[in-house]
Amino acid sequence: MAETSVKSRHACRGPVPWKAPPVPEEAVVCSAEESSSVLTQDQFEELSSAADRVSDALRLEFVAGKMGIKAVPDGNHGRIIVWLQQICMQSKQGFWLFPDQGLRVESYRNGNARPDGVLAPIDTFVGQGEWAGTEGVLMVAEVTSRDRDTNQRDRVDKPRAYAEAELPVFLLIDRITGEVKVHSQPDGERYEQVTTVPFGKTVTLPDPVGVELDTEPLKEWAD
């Protein structure tokens, strides 16, 4: 009688729900790494096009095997780009500093970056799509934003990616530290020469750019 009573109680409760065993933390990390390596450049570019159709403010990049969202520029960020455009226009006839031009970068061009500025002959990107090659580019420029990925992306990943693409000069305007960093002489892995000056000093952008920057105005637009 007691056995029947126990069976009845189990029947009333129904089957015990199955629970998956806990996943080790190491497995989660491995899974994230594997998923990032599966994304090819073609897949990223297709995904980026879809994101553009959803929102003009959703600008994606694919650098160091990681997909990221490029921060929407604030007013000071935009003013710095205009300042740099004016200097380049006055100093380099027939050239222009293109904002947010997509470039294929890194070794074998398997990355996608949107520099804040790309200095190149004015007709360089005619006939090219959203993501262009780096042929003819003299310099790329980045201005730091206030997002949490700035340190890794602008100070670590981007210099390496641009050096691998052998872009002659990489200019980093760091509003957070109040410094300008001029990277030059790429060897296919890194920039061999890096010159750092605080806002307010004059710095020369080496050949093939050959432009002198008086960075005093940047004090007004620093964070």
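Throughout, numbering of the chain's residues begins at 1 and tracks the sequence.
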Does E46 CD have over 12 foreign heavy atoms under 6.0 Å away?
no

Side chain E164, main chain V105, donor-acceptor under 3.5 Å:
no

pair S145-K70: side-chain heavy atoms closer than 4.5 Å:
no

Are V63 and K158 close enough that some pair of their side-chain heavy atoms sits under 4.5 Å apart?
yes

Name all residues meeting the ring pair (Phe, Tyr, Trp, His ring centres under 6.0 Å) criterion together with F125; count only those two or more places apart in sequence or in a different chain, and write none if there are none.
F98

Take L172 and D154, measure what side-chain contact (heavy atoms from CB on, under 4.5 Å) needs, and give me the verdict at the end.
CA-CA 8 Å; L172 175 61; D154 291 339; 4.1 Å; yes

Closest heavy-atom pair and its distance - L103, W131:
N-CE3, 3.6 Å

Between L167 and V209, is there shared hydrophobic-cluster membership here, with clusters defined by ILVMFWY side-chain heavy atoms closer than 4.5 Å?
no

Counting only heavy atoms not in Q86 (residues, nucleotides, ligands), do more than 12 fall under 6.0 Å from its CD?
yes

Shortest non-hydrogen contact between M67 and F62, atoms and distance:
N-CD1, 3.9 Å

So, Y162 and E142: side-chain donor and acceptor under 3.5 Å apart, yes or no?
yes

Checking S91 side chain against I87 main chain: does a donor-acceptor pair fall under 3.5 Å?
yes

Could you tell me whether R59 and E130 have a side-chain N and a carboxylate O separated by less than 4.0 Å?
no

Please check if L119 and L171 belong to a single hydrophobic cluster, counting links between Ile, Leu, Val, Met, Phe, Trp and Tyr side chain heavy atoms closer than 4.5 Å.
yes

Do the side chains of Y191 and V211 join up, straight or via other hydrophobic residues, at under 4.5 Å, putting them in one cluster?
no

Do you know which two heavy atoms are closest between V143 and D116, and how far apart they sit?
N-OD2, 2.7 Å

Under 4.5 Å between any side-chain heavy atoms of Q152 and K66, yes or no?
yes

So do E166 and E189 actually touch side chain to side chain, heavy atoms under 4.5 Å?
no

May I ask whether F199 and V194 are part of the same hydrophobic cluster, defined by side-chain heavy atoms of I, L, V, M, F, W, Y residues being less than 4.5 angstrom apart, directly or through others?
no

Is there a side-chain contact between R155 and T177, using heavy atoms and a 4.5 Å cut-off?
yes

Mind checking whether L213 and T204 have side chains closer than 4.5 Å, heavy atoms only?
no

Does a side chain donor of either K201 or T215 reach within less than 3.5 Å of an acceptor in the other side chain?
no

Of all heavy-atom pairs linking E216 and G200, the shortest is OE1-CA, 3.4 Å

Closest approach of F44 to N112 (non-hydrogen atoms, all atoms of both residues):
CE2-CB, 3.4 Å

With a 4.5 Å cut-off on side-chain heavy atoms, are L47 and Q43 touching?
no

Common cluster, I80/F170, ILVMFWY with side-chain heavy-atom separation under 4.5 Å:
no

Does a side-chain heavy-atom distance below 4.5 Å link E212 with T202?
yes

Pair R160 + D157: basic N to acidic O under 4.0 Å
no

Would a distance-only check, ignoring hydrogens and angles, find a side-chain to backbone donor-acceptor pair under 3.5 Å from Q128 to G133?
yes

Check H77 against T144 and note the closest heavy-atom contact, atom names and distance.
CD2-O, 4.0 Å

side-chain contact (heavy atoms from CB on, under 4.5 Å) evaluation trace for L60 with I69:
CA-CA 5 Å; L60 302 180; I69 299 175; 3.7 Å; yes

